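A quick write-up on the structure given underneath.
Basis for what follows: all heavy atoms, side chains included, without hydrogens, waters or symmetry-related copies. Labels below follow one simple rule: chain letters A, B, ... track the order of the sequence lines, proteins then strands, and each chain is numbered from 1. Quick caveat, the model's predicted, so the values are computed rather than measured.
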2 protein chains.
Amino acid sequence: MLLINRDTDYAIRVIVYMFKMDEKTISARDISDRLDIPYPFIRKILQTLSKENILKTRRGRGGGFSLKKLPEDITTIQLVKIFQDDMDITHCIFKDNICPDIDSCILRKEVKSIEKFIKERLGNLTVEDLIRKQ
Amino acid sequence: MLLINRDTDYAIRVIVYMFKMDEKTISARDISDRLDIPYPFIRKILQTLSKENILKTRRGRGGGFSLKKLPEDITTIQLVKIFQDDMDITHCIFKDNICPDIDSCILRKEVKSIEKFIKERLGNLTVEDLIRKQ
DNA sequence: TATAATGATAGTTATTTAATATCATTTATC
DNA sequence: GATAAATGATATTAAATAACTATCATTATA
Ligand code: FES
Ligand code: FES
């Protein structure tokens, strides 16, 4: 069980890389080569990031991706929410069914409160922090 | 991604149930019927709990399981560690390989610190708490 | 001795995650 | 205008993990 999955991790790496390179646009092929991430995989991540308005794209020959948001305006929790289904770690044994105990379940309340803490922590951690602290 | 998985959840339910019943021994068949948990599944959980010295067993006809520890001496984190591979939520993209950045990785440090928090919280939450607060 | 229980362990199925593939559309360059 | 190089959209396959089941040996009671 990982808190940060591979997609989110790659997304962070890509953003950090693009910021450091400081070029106008970088193609998916480029990123795949430089960061050693499988091409179709990074494509999907880049497409998602542009749909989410974190990257902007230029199509066609010579096109590629560039940062639309500043690293200081991108928090880790944003990326986690995009790639990890809103980070729902809430415990309930009855997954899709309605749980009879859902209002009284103490364990659930505990886990909810932990989830809140995690979201606050990752909400205060921007990609810029990750770059600066390195 | 769930913080508490099904095994851990069932384990908690079983301990709570056994405490409330306050009988000498209860068989796996009994628990399966009463709590509506698949028989082979609950068997495995009970066996694990007895190996971990949380339950004691009596084999043979009329045998079964009984609590060895008091609910106040069983913490949620103990159960999580037993059933969820020590709850290692630490982020590292290079799973089994050695990660070159493992000492400097800021994200990893963040996740480690979150993990520490979770373990403390669940370490202070005993099964007795779960019973009492209900 | 038959029965009802756990001990130990192997095996199967379902679900989720990771990774790949395909084809249409766009744009710069020759 | 033709070609090449890029993304958009979406479908498919493969690997890993989690959930669940099955089997047979051993033990103890009636
Ligand atoms: S088991 Fe459903 S909310 Fe706790
Ligand atoms: S990527 Fe390996 S420790 Fe962060």
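Classification of the B:F41-B:Y10 ring pair by plane angle, with boundaries at 30° and 60°, yields perpendicular.
When rounded to the nearest whole Å, the span between CG of A:N53 and P of D:dG8 equals 12 Å. Put simply, CG on A:D7 is 8 Å from C1' on C:dA18, counting in whole angstrom units. When rounded to the nearest whole Å, the span between CZ of A:F83 and C1' of C:dT16 equals 17 Å. Regarding B:L2, its CG atom lies at a distance of 15 Å from the C1' atom of C:dT17, rounded to whole Å. The CG-C1' distance, from A:N5 to D:dT17, rounds to 14 Å in whole Å. At whole-Å resolution of the value, CG in B:L55 and P in C:dA5 are 17 Å apart. Whole-Å rounding puts the A:F41 CZ to C:dA21 P distance at 14 Å. The separation between B:D9 atom CG and D:dC20 atom P is 11 Å, rounded to whole Å.
Each of D:dA6, C:dA18, D:dA5 was ranked by its minimum atom distance to the side chain of A:S27; first place goes to D:dA6. Nearest to the side chain of B:R43, among D:dG8, C:dA18, C:dG7, sits C:dG7. Candidate nucleotides D:dC20, C:dT20, C:dT6 were compared by shortest atom distance to the side chain of A:K44, and C:dT20 ranks first. Checked against C:dG7, D:dG8, D:dT21, the side chain of A:F65 finds its nearest nucleotide in D:dG8. Set against C:dA21, C:dT6, D:dT7, the side chain of A:Y39 has D:dT7 as its closest nucleotide. Taking the side chain of B:T57 as heavy atoms from C-beta on, and the options C:dA8, D:dA22, C:dT6, the nearest nucleotide is C:dT6. Out of D:dC20, C:dT6, D:dA4, the shortest distance to the side chain of B:A28 is found at C:dT6.
A:Q84 places a side-chain N or O within donor-acceptor distance of the main-chain N or O of A:L3, the cut-off being under 3.5 Å.
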Tell me, with the steps shown, if A:F83 and A:I45 meet side chain to side chain contact (heavy atoms under 4.5 Å, CB included). CA-CA 9 Å; A:F83 292 103; A:I45 287 165; 4.0 Å; yes
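Contacts of A:P40 with the nucleic acid, taken as non-hydrogen atoms under 4.0 Å apart, include base atoms.
At a cut-off of 3.5 angstrom, counting only N and O atoms as typed in the model, there is no donor on one side facing an acceptor on the other between the side-chain of A:R59 and the base of C:dT27.
Comparing B:G60 and B:P38 against DNA chain D, the residue whose closest nucleotide sits nearer the 5' end is B:P38. Between A:G62 and B:S50, the residue whose closest nucleotide on DNA chain C is further toward the 5' end is B:S50.
For the side chain to side chain donor-acceptor pair (under 3.5 Å) criterion with B:K68, the lone passing option out of B:N53, B:T57, B:D73 is B:N53.
Regarding contacts with the backbone of D:dC20, a side-chain N or O of B:R6 is found under 4.0 angstrom from either OP1 or OP2.
Shown here for B:T75 and B:L122, the closest heavy-atom pair between the two residues is CB-O, 3.9 Å.
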